[in-house]
Amino acid sequence: MTTPSLTTLLRDSRLAPHLRAAALKVKNGERITPEEGLMLYDEAPLGYLGALANHVREQKHGDRTYFNRNFHVEPTNVCLYTCSFCSYSRRIKKREDGWEYSLEDILDIVKQYDGKPVTEVHIVGGVLPQYDVPFYTELFRRIKAHRPELHVKALTPVEYHYIFKKAKISYEEGMRLMKEAGLDSMPGGGAEIFAPEIRDQIAGGKCSGEQWLRIHEIWHELGMRSNATMLYGHIEEYRHRVDHLEQLRALQDKTGGFQTFIPLKFRNENNELSHLPETSVVEDLRNYAIGRIYLDNFDHVKAYWPMIGRTTAQLSLAFGVDDLDGTIDDTTRIYSMAGAEEKHPALSTEDLVKMIRSVGRQPIERDTLYGVVEDFTDVEFAGDKEFRGYTSLPVV
Ligand code: V47
Ligand code: SF4
């Protein structure tokens, strides 16, 4: 996969002056403004954005491409809120169609991973009254008592805002209680689009953009780390994406607590926004690239491959992405053997490693805080006859 290098791009005398100016800024490690961010969304071609984003990515990480082994627990798929983009939750009126796990149910799921090489549990689900401060603090304590080294990445400001309000405690007090109970980091969900004119239409009633940012800020002030997402490609306009990126960059300047930015492509099946078309792959790659260029103070940009598919995930590695997320399940061979791997959103470690290597990058297994667990660049798998290099296509 080849995007032109930034130097090659700048040699092109036909490059429009405003695109040249933005490219030079990126080359010199200068920050682009919100106006330039909007200009990139409105006008910049894919190849140009790839050159800029790949430059930033390779300055920060070279070919290193991270992944981690985690598992997800969803305490419930019933939710009080009714976000119009959400295909996942069951309305409270239809709660009998969903599940509501008890503390013991969740601990049983955690125990199923005993002895497996996972480093993280990602806990997130719907919002319901029984999942409150005592429930979650007890859950985190019990997980840590059972498996102390397992990193607990759990809940978003959507849940925290709700449970702290219900407990009549401040965000500061609430996040301190979570830290004491064993919460290690916060995932990036619930951010959607911060601008109220969009957020009120698609995610009305849940925490505001301002509250989402404030809870992350408080968590960072406790010395802890978190991620940030942006749900794009629904009813928002480019200016709302730039505003979202700008607010994340400003908070990161203040705290430095964000690890990863994860753009989430809106998928339109089984939700109230099914009438909206989905974004194209070109638009997805442009969006990754602009995220990488704009968020100069974020170390990582992550692609969530189950949402975009494996091929786009591979392409994203040339458009600013340095981290791939999605279930790694080394029991999935049976599905691929049955010829239905695309229907099952899990890859084996071997598949993921090969997916990364086949586009010329170096796969690195990391823990949640980006400590290296294992460098898979030269690891051989049984029966391995994998081709590791590129052959350039003949130019005719
Ligand atoms: O907050 C919901 C989004 C998020 C749809 O931090 C949708 O490591 C697309 O945040 N189409 C949850 N997106 C997922 C999430 C996440 C995933 C992986 C890693 C991390 C991390 C965080 O999914 C929600 C919402 O923004 N979402 N519905 C949909 N129809
Ligand atoms: Fe779905 Fe989360 Fe909204 Fe609930 S708060 S409806 S789970 S996106």
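Whatever order the structure lists them in is the order used to number ligands and atoms, beginning at 1. Quick caveat: nothing in here was measured; it's all calculated off a predicted structure. Sequential numbering from 1 along the given sequence is applied to the chain's residues.
Remark: minimum distance from atom 4 (C) of ligand 1 to any protein heavy atom is reached at Leu264 CD1, 3.6 Å. When hydrogens are left out, the protein atom nearest atom 19 (C) of ligand 1 is Asp325 OD2, 3.1 Å; that is the closest non-hydrogen contact. Regarding atom 22 (C) of ligand 1, its nearest protein heavy-atom neighbour is His122 CE1, 3.8 Å. Looking from atom 1 (O) of ligand 1 to the surrounding protein, the closest heavy atom is Gly190 N, 2.8 Å. Of the protein's non-hydrogen atoms, Leu231 CD1, 3.7 Å is the one closest to atom 7 (C) of ligand 1. Summary of contacts: the protein heavy atom closest to atom 25 (C) of ligand 1 is Glu192 OE1, 3.4 Å.
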Pair Asp114-Lys111, salt bridge (Lys or Arg N to Asp or Glu O under 4.0 Å): steps then yes or no: CA-CA 5 Å; Asp114 284 358; Lys111 286 175 190 164; over 6 Å; no
Evaluation steps, salt bridge (Lys or Arg N to Asp or Glu O under 4.0 Å), between Arg366 and Asp323: CA-CA 10 Å; Arg366 62 165 178 91; Asp323 192 6; 3.1 Å; yes
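Against a heavy-atom cut-off of under 4.0 Å, Phe266 is close to the following atoms of ligand 1: 9 (C), 11 (N). The atoms of ligand 1 that sit less than 4.0 Å from any heavy atom of Gly189 are 1 (O), 10 (O). Within ligand 2, the atoms closer than 4.0 Å to a non-hydrogen atom of Phe85 are 8 (S), numbered from 1 in the order shown. In the vicinity of Ser87, heavy-atom distances shorter than 4.0 Å reach the ligand 1 atoms 30 (N). Counting atoms of ligand 1 from 1 in the listed order, those under 4.0 Å from a heavy atom of Thr229 are 10 (O). Listed by number with element, the atoms of ligand 2 under 4.0 Å from a non-hydrogen atom of Lys206 are 3 (Fe), 5 (S), 8 (S).
Salt bridge absent: Arg176 and Glu221 never bring a charged side-chain N and a carboxylate O closer than 4.0 Å. Glu283 and Arg241 are joined by a salt bridge, as a carboxylate oxygen and a charged side-chain nitrogen come within less than 4.0 angstrom of each other. Ionic pairing of Asp325 and Lys302 is present here: one or more N-O contacts between side-chain nitrogen and carboxylate oxygen are shorter than 4.0 angstrom. Comment: Arg199 does not engage Glu192 in a salt bridge, judged by the lack of any side-chain N to carboxylate O separation of less than 4.0 angstrom. Using a 4.0 Å cut-off between charged side-chain N and carboxylate O, Glu58 and Lys60 make no salt bridge.
Among Asp299, Asn68, Thr260, the single residue meeting the side chain to side chain contact (heavy atoms under 4.5 Å, CB included) criterion with Tyr370 is Thr260.
In plain terms, the two heavy atoms of Lys144 and Val152 that are nearest each other are CE-CG2, 4.0 Å.
Checking Gly205, Cys86, Gly125 against atom 1 (Fe) of ligand 2, the nearest heavy atom belongs to Cys86. Of the candidates Phe85, Tyr304, Trp305, the one placing a heavy atom closest to atom 29 (C) of ligand 1 is Phe85.
Contact annotation: for Ile262 versus ligand 1, heavy atoms closer than 4.0 Å belong to the side chain alone. With a 4.0 Å cut-off on non-hydrogen atoms, Glu269 does not touch ligand 1 at all. When non-hydrogen atoms are compared, ligand 1 lies under 4.0 Å from neither the backbone nor the side chain of Asn268.
Residue Lys153 places a heavy atom under 4.0 Å from ligand 1.
Taking backbone and side-chain atoms together, Cys79 has no N/O/S atom less than 2.8 Å away from atom 3 (Fe) of ligand 2.
Phe258 and Trp212 have parallel rings, their planes meeting at less than 30° on a 0 to 90° scale where 60° marks the start of perpendicular.
Rounding to the nearest 0.5 angstrom, the gap separating the CG atom in Asp296 from the CD atom in Gln59 is 12.5 Å.
For ligand 1, the polar-atom distance check finds no N/O of Met307 at less than 3.5 Å from any of the ligand's N/O atoms.
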